[in-house]
Protein chains: 2
Amino acid sequence: MKLKEFAKQLGLSPTTVSRALSGYPEVSEKTRQRVAEEAVRLGYRPNINAVRLVTGRAGAIGVVMGRSGEFQFSEYMSGMAERLDSEDIDILVSPLAEQDGKNENQLYSRLATSGRVDAVIIHSPMPNDERIALLHRLGMPFLVHGRSETQVPHAWLDIDNEGAIRRATSHLIDLGHRRIAMINGRAGLTFSLHRDKGYREALAQRGIQFDPRLVAHGHFTDELGFRFARSFLEQSPRPTAFVAGSMMTALGIYRAVRSRGLVVGRDISVIAHDDVFPYLTADNMVPSLSTTRSSLRAAGARSADLVLQLLSGRPATEIHELWPVELILRESTGPVPQPAA
Amino acid sequence: MKLKEFAKQLGLSPTTVSRALSGYPEVSEKTRQRVAEEAVRLGYRPNINAVRLVTGRAGAIGVVMGRSGEFQFSEYMSGMAERLDSEDIDILVSPLAEQDGKNENQLYSRLATSGRVDAVIIHSPMPNDERIALLHRLGMPFLVHGRSETQVPHAWLDIDNEGAIRRATSHLIDLGHRRIAMINGRAGLTFSLHRDKGYREALAQRGIQFDPRLVAHGHFTDELGFRFARSFLEQSPRPTAFVAGSMMTALGIYRAVRSRGLVVGRDISVIAHDDVFPYLTADNMVPSLSTTRSSLRAAGARSADLVLQLLSGRPATEIHELWPVELILRESTGPVPQPAA
DNA sequence: TGCTCCATCCAAATCGTTTTAAATTTTCAC
DNA sequence: GTGAAAATTTAAAACGATTTGGATGGAGCA
């Protein structure tokens with residue numbers, strides 16, 4: 001069913017019908033109503049590609065999906081979908097086929113110049129991220145999920161990683177812990193740096209010497225969590241508490257602690273960051289896990305919203321949003337154990 | 001830069017240029033070469049939306065992304081991307097915003113009738129899957145990743161879940177195990193049923209009584225693996241071996257086994273299915289994990305390929321592909337321990 | 001040279017919308 | 001009842017490609 005045919009059935013011109021459906025003010029409310037109803041009844045829907053051609057809009061937002069598996073895209077994208085549901089906008093994903101950094105730039109480049117998307121979302125940025133410079137240069141609107149320190153102006157949405165980890169660490173210090181290990185995300189990423197900073201600040205505030213042997217960086221996996229925790233626990237004196245970058249990492253830490261015959265929450269305290277997944281909840285862990293919490297899903301929804309604002313003309317330099325992070329105490333944190341008398 | 005302008009610069013007509021770029025035979029090789037080179041040099045790229053309008057093709061494949069997190073979309077999609085890289089085809093994801101089943105049908109419906117995609121891929125099908133009937137009715141080409149028992153003709157790519165689990169279970173029986181627990185995927189999904197079948201067949205072949213108390217169904221998470229394993233291990237006599245549906249589940253099982261003071265590979269044998277993720281490898285687990293292995297990434301690549309075949313006219317009824325699954329023995333499987341003398 | 005036949009190349013129609021600029025109808029004060 | 005202003009509606013021109021049906025020019029042959 002084409003517009004022309006549909007309009008004829010209604011006894012109107014294509015123009016009026018098009019306007020009615022797009023909600024323009026030039027068409028009377030009565031007509032608008034009628035057109036809307038008939039469209040549903042007769043099943044008329046504008047050909048999306050014709051619309052795209054004539055308006056010059058792609059009607060899609062691009063997301064490049066890394067392979068590391070550390071970032072839970074499904075959760076974030078569900079959030080985006082929630083917001084985009086009412087709009088007529090798609091999510092286009094470009095999975096990174098290879099790890100190669102140059103390929104990645106090429107991928108962004110192609111995405112930006114292909115006309116397939118109206119905007120792009122960048123994840124896991126670095127302080128000086130090439131992608132930001134690239135997209136800016138190409139004039140493609142984009143939102144950074146996270147932050148960067150580049151001079152290039154960019155819209156961003158980030159959570160307060162620094163504050164979250166500072167508070168978590170401070171809390172552990174309050175509980176009497178002095179040797180606090182930190183298993184952070186991949187080195188070089190902005191959020192890892194922010195977390196490092198929060199950690200060090202908390203230590204510094206209380207006059208505790210920073211010990212680089214207590215900090216590790218890497219992917220957010222159970223496996224790495226286990227390995228790092230395992231090796232930290234072999235130190236003497238060993239750490240009495242862990243700050244972890246993710247729920248996966250925490251699982252690995254739990255495993256490592258148990259494998260040493262120790263008990264989480266009594267011998268070893270653990271706080272991890274929780275992105276809130278439906279299938280892995282801090283409350284259900286044994287013992288339940290103290291967390292710094294911020295919903296990735298909510299971030300996805302808000303990201304979509306901000307991108308829409310960006311597309312409707314709000315300047316990127318105005319779009320900066322920093323979300324506070326909750327600290328939720330559960331069973332995995334407790335006072336530092338007294339050394340065997 | 002538009003086609004018209006580009007053609008003028010070359011001193012050719014738009015027709016010839018278009019044909020040259022699309023590789024039609026009516027244009028001489030020399031001209032084709034020249035056009036291709038100049039296109040790169042001058043940066044001419046056909047407007048994708050104009051192409052879409054005039055050809056009627058959307059140039060995209062739709063994937064509906066569930067929220068369960070059990071299915072590793074990034075890995076599968078990377079595979080797809082690998083194959084689609086050379087084609088000019090996008091991947092459109094529609095994350096499921098809610099869990100509601102009716103909403104899901106609506107989502108597929110909208111996707112199919114919106115003209116945004118040329119084909120759809122269905123994941124985690126059930127034996128009698130509504131989505132298959134729906135897409136068939138709507139005349140939207142689709143590939144099922146997995147299988148269904150519906151009469152509706154459909155193209156599919158699946159791995160031999162039944163055979164894989166049958167072999168895994170048989171192997172455990174060969175090692176002397178008699179009480180073998182099975183932690184399977186969500187109840188009702190075809191692949192879970194196939195795995196159940198393989199498990200029961202293996203038992204039946206050796207005259208071992210099937211015990212429903214040794215089988216559990218659920219999402220592929222560490223957490224559920226832990227819980228199920230934990231409760232199985234409380235039985236008396238307890239199982240001496242586990243067959244698990246995923247690597248995550250296996251992690252949970254390892255945890256549960258350790259928490260009972262038992263040792264994987266000696267007291268308890270474990271075999272799990274491995275979809276081959278870059279960040280969680282069976283070899284790196286401690287002890288290394290015996291697996292039934294099939295690369296999800298490869299499945300993604302092949303899926304894309306099959307969809308392209310479907311789109312170029314190959315009948316869906318011809319596209320049925322069943323992949324064998326490797327059984328790889330590592331340290332987590334061993335002979336059944338002798339009962340304490 | 002004249003003719004046919006290929007290999008190339010081209011003009012114009014088409015895809016299904018949105019939108020500009022203009023025409024028509026309605027409303028309302030006098 | 002008239003005329004101007006306001007409210008509706010419309011015809012036709014984009015948008016930027018692909019593709020149909022012809023046109024053109026040169027090679028091959030007598």
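Note on naming: letters A, B, ... go to the chains in the order of the sequence lines (proteins, then strands), and numbering restarts at 1 for each one. The structure displayed is predicted, hence computed values, not measured ones.
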Requested in this report: May I ask you to say whether B/E38 pairs ionically with B/R41, meaning some side-chain N is under 4.0 Å from a carboxylate O?
Outcome: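 Counted as a salt bridge, because a side-chain N and a carboxylate O are separated by less than 4.0 Å.
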Query - With sequence neighbours excluded, residues passing ring-ring contact (aromatic ring centres under 6.0 Å, His included) with A/Y76 - result: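 Expected list: A/F71, A/H123, A/H145.
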**Report entry** Set of ring-ring contact (aromatic ring centres under 6.0 Å, His included) partners for A/H136, sequence neighbours left out
**Finding:** none
Query raised in the report: What side chain to side chain donor-acceptor pair (under 3.5 Å) pairs are there with at least one residue in residues 306-318 of chain A, not counting sequence neighbours?
Result: A/Q309-A/R314, A/R314-A/E318
List the residues meeting side-chain hydrogen bond (donor to acceptor under 3.5 Å, both in side chains) with [X], not counting sequence neighbours, and say none if there are none.
{"X": "B/R32", "answer": "B/E29"}
{"X": "B/S114", "answer": "none"}
{"X": "A/T113", "answer": "B/R45"}

Report summary line: Residue pairs meeting salt bridge (charged side-chain N to carboxylate O under 4.0 Å, His left out), one or both in residues 114-125 of chain B, sequence neighbours left out, come to A/D88-B/R116, A/D90-B/R116
Report task. Give every residue pair that meets the salt bridge (charged side-chain N to carboxylate O under 4.0 Å, His left out) criterion with at least one member in residues 134-152 of chain B, sequence neighbours excluded. Result -> B/R147-B/D158
Requested in this report: Go through DNA chain D in 5' to 3' direction and return only the first and the last nucleotide with some atom under 4.0 Å of chain A's heavy atoms.
Outcome: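 Terminal contacting nucleotides, 5' to 3': D/dT8 to D/dG16.
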Query raised in the report: Could you give the angle between the helix axes at the two ends of the helix from C/dT1-D/dA30 to C/dC30-D/dG1, with five pairs per end, rounded to 10 degrees?
Result: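 Helix axis angle between the two ends: 40°.
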Give every donor-acceptor pair under 3.5 Å between a side-chain atom in residues 5-12 of chain B and any protein atom, sequence neighbours left out.
none

Report task. Treat primed atoms plus P, OP1 and OP2 as sugar-phosphate and everything else as base, then score nucleotides 8-18 of chain C 5' to 3': B for base contact with protein heavy atoms under 4.0 Å, S for sugar-phosphate contact only, - for none. Result -> SBBBB--BBBB
